[in-house]
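Working notes for the structure below.
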Amino acid sequence: MPELPEVETIARGLSKRVTGDTIESVWIGSRHQPLKSPAQEIAATLDGATIARVRRVGKQIVFDLESPRGRAQWIVHLGMTGKMLVAPPELPVEKHTHLIARLASGREVRFVDPRMFGKLSVVPEHGFRAAGEEPLDVGVELFAGLFRRRKTPIKSALLNQKLLSGIGNIYADESLFRARVRPRRRAASLTRDELKRLYHAVQEVLNEAIAAGGSSVSDYVDAEGEPGFFQLQHRVYQRTGEPCLVCRAPIKRVIVAGRGTHYCPRCQK
DNA sequence: ACTATGTCCTGCGAGC
DNA sequence: TGCTCGCAGGACATAG
């Protein structure tokens, strides 16, 4: 599922291939679940707009658009199974394609999302605000302050996009393992040292994952249709019963915040 | 003001 | 072999 490193990889790929290009026409499928803004409004905003910039904010892809009608932003959240592909027009349109933007260069940007947890919207210029802090930009003091006085499990807090934007199930588990903190620990119970370890673990995991092009665990591919490789470096995620890479104890799986959660019962306190 | 839980959706794999 | 069923989970609604 696309979390910060996957979305970063996709946004970089899109940026490289569509910046400066102009959307000449837009097709939107009849399944409207993935749309947060009305289909008509999305089509009208994209149609004829030039893509000035593509970037990642939290887990969303933000397209800065310029057109004779003014500036706007196209916001794409990939949900669990969303893909943004840059494709030649002759490439067969795969099932669950919800939007196709045809570009002046001849290429197409396609939004594909089988499970339809993804969301598309358009907002006025500068209309989009990230809910929480960027995990890779935040300082250690502000980071630690986010968890103070919170009774919720630390894993739930990591998944809360209003605190930090971009961490999902994979990177929450991997970060907690590296920080040697159990996912069910109450956030407020973490010591200063543990919070510091967690801060560095989050940065390390996210940066390593970006370098590997993200994790391909379900059907994630980047804008060019290429998978990522960070799943090969997962130390706990989906390794239930396998030996911990540090102490050989079998990795445990429990449910926290309704999510499958993996940890080492010996290394993580 | 927080926190916990159910819901949306389709594809896939386990189990019979 | 072929079927059914349950699970996967990001964000939000709703309940407590």
Lys/Arg N to Asp/Glu carboxylate O, A:Glu8 vs A:Arg12, below 4.0 Å: yes

query: OP1 or OP2 of B:dC9 less than 4.0 angstrom from a side-chain nitrogen or oxygen of A:His96, does that happen here?
result: no

query: Rounded to the nearest Å, what distance is computed from the CE atom of residue A:Met116 to the C1' atom of nucleotide B:dT7?
result: 14 Å

- request: State whether A:Arg192 and A:Glu141 are salt-bridged, where the test is any N-O pair (Lys NZ or Arg NE/NH1/NH2 against Asp/Glu carboxylate O) under 4.0 Å.
  value: yes

query: Atom CG of A:Leu163 and atom P of C:dC12: how far apart are they, to the nearest Å?
result: 14 Å

query: Does OP1 or OP2 of C:dA8 have a side-chain N or O of A:Arg115 closer than 4.0 Å?
result: no

- prompt: Under 4.0 angstrom, heavy atoms only, what part of the nucleic acid is A:Phe147 near: base, sugar-phosphate, or nothing?
  reply: nothing

message: Salt bridge or not between A:Lys83 and A:Glu94? Use side-chain N to carboxylate O under 4.0 Å.
response: yes

Atom-to-atom span, CZ of A:Arg184 to P of B:dT3 - whole angstrom: 17 Å

query: C:dG10 P sits how many Å from A:Ile167 CD1, rounded?
result: 12 Å

message: For a quick test of reading the model: is some side-chain N or O of A:Lys59 closer than 4.0 Å to OP1 or OP2 of C:dA11?
response: yes

Whole-Å distance separating the CG atom of A:Leu4 from the P atom of C:dA11: 11 Å

field: Selected nucleotide, minimal atom distance to A:Arg253 side chain, candidates C:dG10, C:dC7, B:dT3
entry: C:dC7

field: Spacing between A:Lys155 atom NZ and B:dT5 atom P, to the nearest angstrom
entry: 15 Å

query: Nearest-Å distance, CD1 (A:Ile255) to C1' (C:dC7)?
result: 9 Å

field: A:Tyr237 side chain near C:dG9 phosphate (N/O to OP1/OP2, under 4.0 Å)
entry: yes

- line: From CG of A:Leu158 across to P of C:dG9 the rounded distance in Å is 15 Å

- prompt: Hey, is the side chain of A:Arg259 pairing donor to acceptor with the base of C:dA8 inside 3.5 Å?
  reply: no

- prompt: For A:Thr81 and B:dG11, is the shortest distance between a side-chain N/O and OP1 or OP2 below 4.0 Å?
  reply: no

query: With the threshold set at 4.0 Å, does a side-chain nitrogen-carboxylate oxygen contact exist between A:Glu194 and A:Arg185?
result: yes

task: Mind telling me whether A:His96 and A:His98 have parallel, tilted or perpendicular rings, with 30° and 60° as the class edges?
output: tilted

task: Evaluate whether the aromatic ring of A:Phe117 and the six-membered ring of the C:dA11 base sit under 5.5 Å apart, centre to centre, with an inclination under 30°.
output: no

- prompt: So what does A:Lys95 hit on the nucleic acid, given a heavy-atom distance under 4.0 Å: a base, only sugar-phosphate, or nothing?
  reply: sugar-phosphate

- request: Check whether any side-chain nitrogen or oxygen of A:His77 sits under 4.0 Å from OP1 or OP2 of C:dG10, and answer yes or no.
  value: no

